[in-house]
Visitor: 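Let me begin by handing over the structure; questions about it come next.
The first residue in the sequence is number 1, and the count goes up from there. Being a predicted model, the structure only gives us computed values, none of them experimental.
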Amino acid sequence: MSQDPQRPRPRRMAALRMGLWVLVGLVAALLVIVWAVGIRQFSTAEQAAEPYGAPFQLVDQDGQPVTESILKGSATAVFFGFTHCPDVCPTTLYELAGYQRQLADEGKDLNVVFVTVDPERDTPEVLKRYVESMDADITGITGDPAAVNAMLDGWGIHHAKVESGSTYTMDHTASVIMLGTEGQFVGTIAYQENPETALQKLDRLTTL
């Protein structure tokens, strides 16, 4: 009996079935990859939005209580220093004040926060005079020395008293920390970084 030419041969049927199973496997693998990538991106986004540093309960230059919530709601530049600092601190704050004004002229909001690493001498009154001398909207933060030191340690900020004759100075981290609107870490500005580069960083920060 001759074979019907319209009927697929057994080998052709087997190959067709195999091809279909391979296609199904590829589709399933693709779906798994898409799902895994989506989960990873979502997880990364969640981590990126997590507040940076340790919680704290301190006071501002007006003696009013402040917590880490002050670092949320707008782009923030945080600098750690002390009012008796001869050069690094006043230079950095002066530059930040200038960047803040430039961005404000463009309708962009930058929150500038100055946290003392020398709470023994930097009382609210001392901080108030210091930040007001910058002629800018800067929030100064101080408090009980133990609480301030705990905050600095929780943020990984280097701070060490260096005896100098009958007085002392402070060795400390000199970089500015940039935080997003959720208080999340975005990057840093190094001491004496190119002003144009620093301003570009802060400009991008205000658009996140």
Visitor: Would the number of heavy atoms belonging to other residues, nucleotides or ligands and lying under 6.0 Å from CD of Gln102 be above 12?
Guide: yes
Visitor: Which heavy atom of Cys89 sits nearest a heavy atom of Gly81, and at what distance?
Guide: SG-CA, 3.6 Å
Visitor: I'd like a table of donor-acceptor pairs (distance under 3.5 Å, sequence neighbours excluded) in which one partner is a side-chain atom from residues 197-207, with atom names and distances.
Guide:
residue, atom, partner, partner atom, Å
Lys201, NZ, Thr188, O, 3.0
Lys201, NZ, Glu193, OE1, 3.4
Lys201, NZ, Glu193, OE2, 2.8
Asp203, OD1, Lys108, NZ, 2.4
Thr206, OG1, Asp203, O, 2.7
Thr207, OG1, Arg204, O, 2.7

Visitor: Residues in ring pair (Phe, Tyr, Trp, His ring centres under 6.0 Å) with His172, at least two apart?
Guide: Phe82
Visitor: Measuring only between side-chain heavy atoms, which start at C-beta, is Tyr168 closer than 4.5 Å to Arg121?
Guide: yes
Visitor: Side chain of Gln184, backbone of Glu182: donor and acceptor closer than 3.5 Å?
Guide: yes
Visitor: A side-chain contact here means heavy atoms from C-beta on lying under 4.5 Å apart; do Tyr130 and Ile138 qualify?
Guide: no
Visitor: Hydrophobic clustering (ILVMFWY, side-chain heavy atoms < 4.5 Å, transitive) - are Phe114 and Ile189 grouped together?
Guide: yes
Visitor: Same cluster or not: Val131 versus Val176, using hydrophobic residues (I, L, V, M, F, W, Y) connected whenever any side-chain heavy atoms lie under 4.5 Å apart?
Guide: yes
Visitor: When you look at CD of Glu163, are more than 12 heavy atoms from neighbouring residues, nucleotides or ligands closer to it than 6.0 Å?
Guide: yes
Visitor: Are Val126 and Val117 connected, step by step, through hydrophobic side chains (Ile, Leu, Val, Met, Phe, Trp, Tyr) whose heavy atoms are closer than 4.5 Å?
Guide: no
Visitor: Quick one: which residue pairs count as a ring-ring contact (aromatic ring centres under 6.0 Å, His included) with a foot in residues 56-79, not counting sequence neighbours?
Guide: none
Visitor: Are the side chains of Glu95 and Thr91 in touch, meaning some heavy atoms are under 4.5 Å apart?
Guide: yes
Visitor: Using modelled atom types and a 3.5 Å cut-off, is there a donor and acceptor pairing between side-chain atoms of Thr173 and backbone atoms of Ser175?
Guide: no
Visitor: Can you hop from Ile141 to Phe80 via hydrophobic side chains spaced under 4.5 Å?
Guide: yes
Visitor: By ring pair (Phe, Tyr, Trp, His ring centres under 6.0 Å), which residues pair with Tyr99, not counting sequence neighbours?
Guide: none
Visitor: Do Lys72 and Pro51 come within less than 4.5 Å of each other through their side chains, counting heavy atoms only?
Guide: yes
Visitor: What are the two closest heavy atoms between Pro119 and Gly143, and how far apart are they?
Guide: CB-O, 3.6 Å
Visitor: Heavy-atom distance under 4.5 Å between the side chains of Thr142 and Val59, does that happen here?
Guide: yes
Visitor: Are Gln61 and Thr139 packed together at the side-chain level, in the sense that at least one heavy-atom pair is separated by less than 4.5 angstrom?
Guide: yes
Visitor: For residues 76-90, which residue pairs qualify under side chain to side chain donor-acceptor pair (under 3.5 Å), counting only residues two or more places apart or in two chains?
Guide: Thr76-Asn111, Thr83-Asp122
Visitor: Are Leu208 and Leu179 linked, directly or through other ILVMFWY residues, by side chains that come within less than 4.5 angstrom of each other?
Guide: no
Visitor: Who pairs with Lys161 by side-chain hydrogen bond (donor to acceptor under 3.5 Å, both in side chains), at least two apart in sequence or on another chain?
Guide: Glu120
